[in-house]
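So that the names make sense, note that chain A is the first sequence line, chain B the second, and so on, each numbered from 1.
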2 protein chains.
Amino acid sequence: MNLKQLSQNLGLSQTTVSRALNGYPEVSPATRARVEEAARAFNYRPSTRAKGLATGQALAIGHVIPMSSKHEMVNPIFGDFIAGAGETYARHGYEMILSIVDDKNEANVYQGLKSRRAVDGVIVHGPRMNDMRIPLLDQLGLPFAVHGRASGCTVPYAWLDVNNRSAFERATNYLYDLGHRRIALLNGLEDMDFAHRRRDGYLSSLAAHDLSPDTALMRSGEMTELSGYGATREMLALPDAPTAILCSSLISALGVRRAIEEKGLVMGKDVSVITHDDVLSYLKNGDDVPIFTATRSSVRDAGRKLAEMLLDAIANPEAPPQTVLLEAELIVGASTGPAPRKD
Amino acid sequence: MNLKQLSQNLGLSQTTVSRALNGYPEVSPATRARVEEAARAFNYRPSTRAKGLATGQALAIGHVIPMSSKHEMVNPIFGDFIAGAGETYARHGYEMILSIVDDKNEANVYQGLKSRRAVDGVIVHGPRMNDMRIPLLDQLGLPFAVHGRASGCTVPYAWLDVNNRSAFERATNYLYDLGHRRIALLNGLEDMDFAHRRRDGYLSSLAAHDLSPDTALMRSGEMTELSGYGATREMLALPDAPTAILCSSLISALGVRRAIEEKGLVMGKDVSVITHDDVLSYLKNGDDVPIFTATRSSVRDAGRKLAEMLLDAIANPEAPPQTVLLEAELIVGASTGPAPRKD
DNA sequence: TCAATTTTCCAAAGCGCTTTGGATATCTCT
DNA sequence: AGAGATATCCAAAGCGCTTTGGAAAATTGA
């Protein structure tokens with residue numbers, strides 16, 4: 001069923017039917033009702049492609065998911081993020097189109113989306129330091145919004161980020177106040193922007209308390225259970241082992257806990273742990289009482305909100321880019337406690 | 001840059017340029033080269049929408065991700081699955097469009113995709129027992145392929161599935177051969193088709209060895225770390241605790257291990273564990289030596305392959321639906337060992 | 001009652017591509 | 001050299017929608 005057939009069925013012109021369906025005023029309430037009724041009956045929906053051609057809009061947003069070509073790893077937060085974004089799109093009649101692409105071909109993909117006019121805008125995932133995608137998109141003139149930020153980018157752009165710096169600074173402070181002096185940082189990959197900010201927050205807290213950072217206690221890498229386990233195991237074997245560990249993801253925190261318990265130590269007593277918690281749907285941090293003390297910020301909410309920002313930016317292109325900085329909650333769970341006394 | 005402008009630039013007709021770019025024979029090698037060169041120089045790509053309108057194809061595949069409205073949970077395997085599927089689409093010039101939808105509105109979404117002609121076909125995720133989506137899609141005439149199967153569906157359809165039944169049967173046999181007699185099953189949600197098949201395999205092995213199933217040792221639910229932990233904790237507290245646990249996902253296996261170790265027991269010695277491993281990129285089962293003995297089947301490969309099957313089916317609609325049944329590997333890791341002697 | 005509005009509807013152009021049905025130029029063969 | 005084949009290109013229609021510029025019908029005002 002297409003517009004032509006529908007309008008013939010109704011004995012009306014395509015114009016009138018189109019207008020009735022799109023809420024234009026120049027059609028009487030009576031015929032509008034008749035048209036809507038018929039559209040429902042025949043299960044008519046305008047072809048996205050035809051509509052897009054006619055209006056010049058794509059009614060679609062692109063999500064370009066970078067995949068580390070080294071590790072072939074897709075970001076585990078990604079599922080929940082797009083679940084949030086998808087809600088927003090559904091509400092606004094937009095489609096989400098997804099490209100998963102290894103880091104090399106990224107520029108190509110953005111160019112393609114632009115020149116094929118496949119999307120009205122894109123969401124940038126996993127920004128790195130000095131991310132070249134941002135100037136690229138800016139130059140292409142393709143509206144975009146970034147989940148996170150990219151230090152070193154000079155052009156203004158729309159972003160939504162968790163205040164990773166302050167979150168990790170507060171977390172470190174909290175551990176300091178509990179008496180911890182040997183505090184380790186298990187960070188994400190160095191070139192990811194968020195990792196950089198988290199380290200800044202961590203270092204800033206150490207500095208504020210006249211603690212000098214120890215590179216033996218600062219790790220970074222992919223955030224897997226195994227890497228959390230391995231790093232913790234190594235660090236606990238040090239002569240001057242850390243009494244507290246700051247961890248970048250709940251997944252690696254599981255590994256941290258395992259290494260602690262394997263050594264016969266008790267988390268929250270012998271070793272304190274704070275992790276960042278993205279509130280992933282398949283990885284809850286406990287039921288009522290959180291297992292881990294955590295800096296918490298829902299990545300699904302972030303998806304919802306950032307999608308809204310992008311749609312806003314598309315709707316009024318003249319407005320300056322919005323930016324949102326979310327403060328993570330610091331929620332106290334069972335994984336932190338006072339630093340053990342030295343004997 | 002559009003076709004018209006490009007062809008004017010070249011002093012050729014749109015027809016010729018279009019043909020040159022699409023590999024039609026009725027254009028001389030010389031002009032074809034000239035056209036391709038110019039297209040590259042001007043970064044020309046045909047508008048997807050216009051092309052789609054003209055050809056009647058969408059060059060897009062829909063993925064409808066059901067989200068349990070109860071738990072708001074997105075399937076954690078989903079990221080890796082679409083990473084695989086995405087590879088295939090990229091190779092064939094298809095786009096992936098994603099809808100995340102709660103179970104109630106699903107029918108609507110499929111209808112919408114069909115009548116708006118937004119996609120050439122869809123992948124069905126997370127099939128349940130007697131899944132009504134399959135007859136629906138069949139009736140709509142929208143090509144589709146299912147990741148998994150749906151017991152009880154009578155219409156023929158294309159699917160790709162792991163042989164969950166035989167995998168869990170073999171795993172149970174393996175535990176039996178190690179001397180285990182109290183074997184627990186931590187399954188996924190009951191109404192998911194794969195959970196049903198896994199239980200079948202488990203029960204069939206028990207029956208073959210004259211073991212009668214004990215409902216106290218059979219759990220099912222969302223597969224989270226916490227649920228694995230909770231269930232194991234409870235079962236280990238039973239007077240007649242299991243000596244082996246069969247687990248449906250690596251995530252919940254982490255919880256299983258935690259509950260075991262928390263009780264001061266050693267996994268692989270006091271309690272054996274076998275889990276299913278989807279080979280998720282962010283959750284590796286150990287580096288070289290697997291941590292868990294596991295039934296293993298890469299969900300990313302599944303995505304790649306199933307996408308290919310769907311594109312095939314779209315390319316020749318007359319062919320009968322393909323079906324692929326993958327056998328999971330049974331890989332032996334450190335989590336299984338002979339049943340402990342009774343004292 | 002009749003001109004001036006206002007409502008309500010329509011025909012046709014256009015969005016950017018593919019494809020049909022020629023037209024023209026170039027070869028081939030005898 | 002000239003007819004038939006073949007290679008090369010083009011104009012125009014059509015895909016399903018929106019939207020512009022009117023036209024016809026209904027309503028209003030004096």
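For A:T15 and A:S18, the side-chain atoms include no donor-acceptor pair closer than 3.5 Å.
A:S13 has a side-chain polar atom (N or O) that falls below the 4.0 Å cut-off from OP1 or OP2 of C:dC10.
Taking the centre of each ring, B:H63 and B:Y89 come in below the 6.0 Å mark.
Using a 4.0 Å heavy-atom criterion, one finds that B:T15 contacts the bases of the nucleic acid, with or without backbone contacts as well. Base contact: B:S18 has a heavy atom under 4.0 Å from a base atom. At a threshold of 4.0 angstrom between heavy atoms, the contacts of B:R49 with the nucleic acid are absent.
A salt bridge links A:E308 to A:R91: at least one charged side-chain nitrogen sits closer than 4.0 Å to a carboxylate oxygen. By the 4.0 Å N-to-carboxylate-O rule, B:R128 lies too far from B:D193 to be salt-bridged with it. No salt bridge links B:E95 with A:R49; every basic N to acidic carboxylate O contact stays at or beyond 4.0 Å. We find that B:D161 and B:R149 are joined by a salt bridge, their nearest charged nitrogen and carboxylate oxygen being less than 4.0 Å apart. Ionic pairing of B:R34 and B:E37 is not present here: no N-O contact between side-chain nitrogen and carboxylate oxygen is shorter than 4.0 angstrom.
For the pair A:R19 CZ and C:dT7 C1', the interatomic distance rounds to 12 Å; values are reported in whole Å.
The footprint of chain A on DNA chain D, defined by a heavy-atom cutoff below 4.0 Å, extends from D:dG16 to D:dG21.
The residue among B:R117 and B:P25 whose nearest nucleotide of DNA chain D is located toward the 5' end is B:P25.
Recorded end-axis angle for the helix from C:dT1-D:dA30 to C:dT30-D:dA1 stands at 40°, based on five pairs per end and rounded to 10 degrees.
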Subject >> B:H125/B:F81 under ring-ring contact (aromatic ring centres under 6.0 Å, His included): CA gap, chis, key distance, verdict >> reply: CA-CA 10 Å; B:H125 290 264; B:F81 182 87; 5.0 Å; yes
